[in-house]
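Note that these values count all heavy atoms, side chains included, but never hydrogens, waters or copies made by symmetry. First the proteins, then the strands, lettered A, B, ... as listed; each starts at 1.
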There are 2 protein chains.
Amino acid sequence: MGKARENSTGTLGKALEVVHIIASSPVPLRFTDVLKLSDQPRGTLHRQISNLIEEGLLDLNRDHSYGLGLRLLELASRAWASNDFRAIAEPHLQRLHEQTGETVHLGVLRGIEVIYLDKVESRQSVRMYSQIGNTAPVYCTGVGKAALSALPDDELQARIAQIAFRRFTASTLPDAKALRQEIEQIRVEGNAYDREEHEADICCVAAPIHANNRHFVAGISVTGPAYRITPEVLQSWAGITRAAAAAIMANMATRLSPRA
Amino acid sequence: MGKARENSTGTLGKALEVVHIIASSPVPLRFTDVLKLSDQPRGTLHRQISNLIEEGLLDLNRDHSYGLGLRLLELASRAWASNDFRAIAEPHLQRLHEQTGETVHLGVLRGIEVIYLDKVESRQSVRMYSQIGNTAPVYCTGVGKAALSALPDDELQARIAQIAFRRFTASTLPDAKALRQEIEQIRVEGNAYDREEHEADICCVAAPIHANNRHFVAGISVTGPAYRITPEVLQSWAGITRAAAAAIMANMATRLSPRA
DNA sequence: CTGCAGTGTTCCATTATTTGGAACTTGATT
DNA sequence: AATCAAGTTCCAAATAATGGAACACTGCAG
């Protein structure tokens, strides 16, 4: 199982590495656990963690395990609220949801992951806020593949080269070749699909969004359970999904970058 | 007149101060704007911001203004998902919502602010995720006053002393004396109320939650529009709100701190 | 076209902070 | 009471941050 990353850019980078270690662990970590996962000496790590706790980025539980601090929630709340792209997309997501009755996602590409920025769903009873802020691999999500398809070729190759393909389900794309092939298809059709490639029984249709210069790419998707959403139904949403994406891009052009 | 901000504990603290400046601004800031708001030399600030962007905590927009980075969303998403207290409270919030039909909040005390950890509401059409991660002053929210009432006296006095009272509405508590008086009342009754003290037309009934040692205090509330929720109705929810808080505390005792 | 002003970016000797090893404390377990 | 592991503190040495000033870029006005 992987050690940490090699991104130790200055003090800040190291501090965030510690946060990342704690964020990534499925199980609560105590001091020595973190010590083993990081490659820092005891004294150093201890001071780092103390600082992080002081700043509210980490919390010290009573059993001496560490958790993420509430300061993060506060900052994220503002990050979300002040995100122009999300604000522009919101009404279009809403409309797409009304047209389909299924869950609609907005995600942006970050490295070789998709991070979900917004979500509109009908039944709130289950896991209301679960998706926003979550990340998923590009190569097995509709939004991810849609976003990739909007990248310039050189960028695309660079990103694909970094991916470590892992099989989530029987239909997960197995390697770079299959992914490249599918990207070509998406570029022609204008839509990406996820047919139970990440989670069993979950499928979606997606469409790409990009800024003029294609340095910023994102995607939207309509998602539903495979037992209810047949391939034909999915297909039938392709057009309105593309239309919603186009509408968002049109709004971006006018409301962002007043001096294009 | 207090000193300016003295929260500059090390490099990390300064970096977060920059993040805070950008998070707090209602309007996008460019480099020189931040420079004016921070008291750091140009070169230093520039490197700090560069590092923060590198780490994903800030974003550089194309018009050279800065925004909060998506890394924050990712971390916050995990912070929220892995928060034991929130997970324990969740079903109780749900039940309280079913009993009242109104919006239910869970908030914890942090300094002299309340930070909202969770929310269950009926109509999702408006501003779904708006509340979680938001902060509000203790002295004019039901959850805040409830949480305060659970603090030991010395802690209570210390916190109250830090508050700068500001009038949000006609019924906002005006000063420390009024607040102390109300806290006494809450301690006797077991419930706190907010009668349009923060926002016009918003009122709520709340109940305190605390860990055994009272170093951790929080609160839950049932909130609704004043035009629909009469004082009598509000009063009628006091009991079930207290009951929900009690149930959460009972669960905390068994599920947290396995080695009390 | 040229100079000007406002912004953003880079450089590097000085300075202050972080580092890391070891010693110390705590508190559970035998 | 002794032992061991986990957590905390300390300080000289190493390293990273600082901050002042110079450099570049951009649009604007003469």
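- Around the CD atom of B/E54, the shell of radius 6.0 Å holds no more than 12 heavy atoms that belong to other residues, nucleotides or ligands.
- For the helix from C/dC1-D/dG30 to C/dT30-D/dA1, the axis fitted to the five pairs at one end and the axis fitted to the five pairs at the other end meet at an angle of 30° (nearest 10 degrees).
- Taking only side-chain nitrogens and oxygens, B/H46 comes nearer than 4.0 Å to OP1 or OP2 of C/dT9.
- To the nearest 0.5 Å, atoms NE2 (A/H105) and OG (A/S221) are separated by 6.0 Å.
- When every heavy atom of B/I220 is checked against every heavy atom of B/A244, the shortest pair comes out as CD1-CB, 3.7 Å.
- Between B/N51 and A/D33, the residue whose closest nucleotide on DNA chain D is further toward the 5' end is A/D33.
- Relative orientation of the B/F31 and B/Y66 rings is perpendicular, given thresholds of 30° and 60° on the angle between their planes.
- The side chain of A/T11 places an N or O atom within less than 4.0 Å of a non-bridging phosphate oxygen (OP1 or OP2) of D/dA17.
- The CG-C1' distance, from B/L12 to D/dA16, rounds to 14 Å in whole Å.
- If you measure from atom OH of A/Y66 to atom P of D/dT8, you get 6 Å, rounded to the nearest angstrom.
- Summarising the geometry, the separation between CD on B/E17 and P on D/dA17 is reported as 17 Å, rounded to the nearest angstrom.
- Atom-to-atom, CZ of A/R47 to P of D/dT8 comes out at 14 Å; the value is rounded to the nearest Å.
- Between A/T32 and D/dG7 there is a side-chain N or O to OP1 or OP2 distance below 4.0 Å.
- Of all heavy-atom pairs spanning A/I49 and A/V18, the tightest one is CG1-CG1, 4.0 Å.
- Closest approach to the A/T44 side chain among C/dT19, C/dT9, C/dT7 is made by C/dT19 (side chain taken as heavy atoms from C-beta onward).
- Taking atom CZ of A/F31 as the reference point, atom C1' of C/dT26 lies 14 Å away to the nearest angstrom.
- The distance between atom CG of A/L45 and atom C1' of C/dG21, rounded to the nearest whole Å, is 15 Å.
- For the pair A/I49 CD1 and C/dT18 P, the computed distance is 15 Å after rounding to whole Å.
- Heavy-atom nearest nucleotides on DNA chain D were determined for A/R30 and for B/G43, and the one closer to the 5' end corresponds to A/R30.
- Pairing each heavy atom of A/H198 with each of A/P137, the nearest pair is NE2-CD, 4.0 Å.
- Of the candidates B/R180, B/R214, B/R187, B/D153 forms a salt bridge (charged side-chain N to carboxylate O under 4.0 Å, His left out) with just one, namely B/R187.
- Across the protein-nucleic acid pair, B/R42 atom CZ and D/dA24 atom P stand 15 Å apart, rounded to whole Å.
- The side chain of A/Q48 places an N or O atom within less than 4.0 Å of a non-bridging phosphate oxygen (OP1 or OP2) of C/dT19.
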